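One structure is given below, encoded as structure tokens.
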Amino acid sequence: MLSKKFFKTKDEAEITFDFAREDVTSVELYADFNDWQPIAMKFVKSSNSFKTKVRLPKDSEYQFRYLLNGQEWENDYKADCYLANDFGSDNSIVSTSV
């Protein structure tokens with residue numbers, strides 16, 4: 001799940017990436033905004049989900065995917081849209097436009 005916070009005084013948005021599934025013990029975020037390098041997501045006990053926050057420039061779109069337990073790729077079901085990738089599946093898209 002994605003949530004967005006826009007700032008009136010900055011040209012950026014804070015995006016919270018949130019993923020929950022009972023059989024998952026680790027989640028990494030891979031995205032084009034950091035050259036597809038993994039970002040380990042932290043488990044938040046109160047929400048029983050993995051979360052991370054990233055600040056991104058406004059008025060752009062970014063592709064991303066989650067890697068679950070180091071072996072299973074998954075999309076965000078609340079992504080703004082999806083785009084086919086070179087591996088026969090789709091990437092999630094997050095838009096930072098207001």
Side-chain angles (χ1 to χ4, degrees):
M1 181 174 84
L2 296 173
S3 59
K4 305 173 189 180
K5 181 178 180 181
F6 294 95
F7 303 98
K8 291 181 180 181
T9 59
K10 296 183 181 179
D11 285 335
E12 62 185 14
E14 182 178 82
I15 310 300
T16 301
F17 296 88
D18 185 338
F19 188 88
R21 201 170 83 189
E22 289 184 16
D23 62 328
V24 174
T25 58
S26 70
V27 179
E28 292 175 310
L29 171 67
Y30 285 76
D32 63 356
F33 57 77
N34 71 338
D35 295 324
W36 297 100
Q37 297 301 306
I39 298 172
M41 296 175 65
K42 293 183 181 182
F43 184 73
V44 178
K45 193 172 184 176
S46 61
S47 64
N48 205 29
S49 66
F50 292 86
K51 293 185 180 188
T52 195
K53 291 182 182 183
V54 178
R55 288 196 177 192
L56 299 170
K58 281 185 182 176
D59 300 322
S60 296
E61 288 187 344
Y62 302 95
Q63 297 182 45
F64 71 96
R65 292 198 86 188
Y66 300 118
L67 183 62
L68 313 179
N69 300 329
Q71 59 190 16
E72 178 187 351
W73 291 104
E74 188 65 75
N75 282 325
D76 192 309
Y77 297 114
K78 297 288 186 176
D80 295 322
C81 63
Y82 304 92
L83 182 66
N85 62 34
D86 294 336
F87 302 102
S89 58
D90 292 331
N91 290 339
S92 299
I93 303 291
V94 60
S95 172
T96 58
S97 297
V98 179

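Computed from a prediction, not measured in an experiment: that's the story for all the values here.
The two atoms that bring Lys4 and Ser95 nearest to each other are NZ-O, 2.8 Å, heavy atoms only. When every heavy atom of Asn69 is checked against every heavy atom of Asp23, the shortest pair comes out as ND2-O, 3.4 Å. Heavy atoms only, all atoms of each residue included: Asp80 and Leu2 are closest at N-CD1, 4.4 Å.
Using modelled atom types and a 3.5 Å distance limit, the side chains of Asn75 and Ser92 yield a donor-acceptor pair.
Counting non-hydrogen atoms of neighbouring residues, nucleotides and ligands closer than 6.0 angstrom, the NZ atom of Lys78 reaches no more than 12 such neighbours.
Here the side chains of Val24 and Phe43 are not in contact, with every heavy-atom distance at 4.5 Å or above. Two residues are said to be in side-chain contact when any heavy atoms from C-beta on lie closer than 4.5 Å; Gln63 and Phe33 fail this criterion. Under the 4.5 Å side-chain criterion, counting only non-hydrogen atoms from C-beta, Arg65 is in contact with Asn85.
By the rule that hydrophobic residues join a cluster once side-chain heavy atoms approach within less than 4.5 Å of another member, Val44 and Leu68 end up as members of separate clusters. The hydrophobic cluster containing Phe50 does not contain Leu67, counting ILVMFWY residues as joined when their side-chain heavy atoms lie under 4.5 angstrom apart, directly or transitively. Following chains of ILVMFWY side-chain contacts shorter than 4.5 Å, one cannot reach Ile93 starting from Leu29, and the two form parts of different hydrophobic clusters. When the side chains of ILVMFWY residues are joined at heavy-atom separations under 4.5 Å, either directly or via intervening members, Tyr30 and Met41 end up in two distinct hydrophobic clusters.
In terms of modelled atom types and a separation under 3.5 Å, the side chain of Asp90 and the main chain of Tyr82 share no donor-acceptor contact. Looking at Thr96, its side chain never comes within 3.5 Å of a backbone N or O of Leu56 through a donor-acceptor pair. In this structure, Asp32 contributes its side chain and Asp35 its backbone to no donor-acceptor pair below 3.5 Å.
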For this session: In sequence, state the C-alpha distance, the side-chain angles, and the governing distance for Glu72 and Arg21, and then conclude on salt bridge (Lys or Arg N to Asp or Glu O under 4.0 Å).
Result: CA-CA 12 Å; Glu72 178 187 351; Arg21 201 170 83 189; 2.9 Å; yes
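With Phe19 as reference, Tyr66 is the one residue of Phe64, Trp73, Tyr77, Tyr66 to meet the ring-ring contact (aromatic ring centres under 6.0 Å, His included) rule.
Separating the CD atom in Gln71 from the OG atom in Ser26 is a distance of 9.0 Å, to the nearest 0.5 Å.
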Side-chain atoms of residues 11-18: list all donor-acceptor pairs with protein atoms under 3.5 Å, sequence neighbours left out, distances to 0.1 Å.
| from | atom 1 | to | atom 2 | distance (Å) |
| --- | --- | --- | --- | --- |
| Glu12 | OE2 | Arg55 | NH1 | 3.0 |
| Asp18 | OD1 | Ser49 | OG | 2.9 |

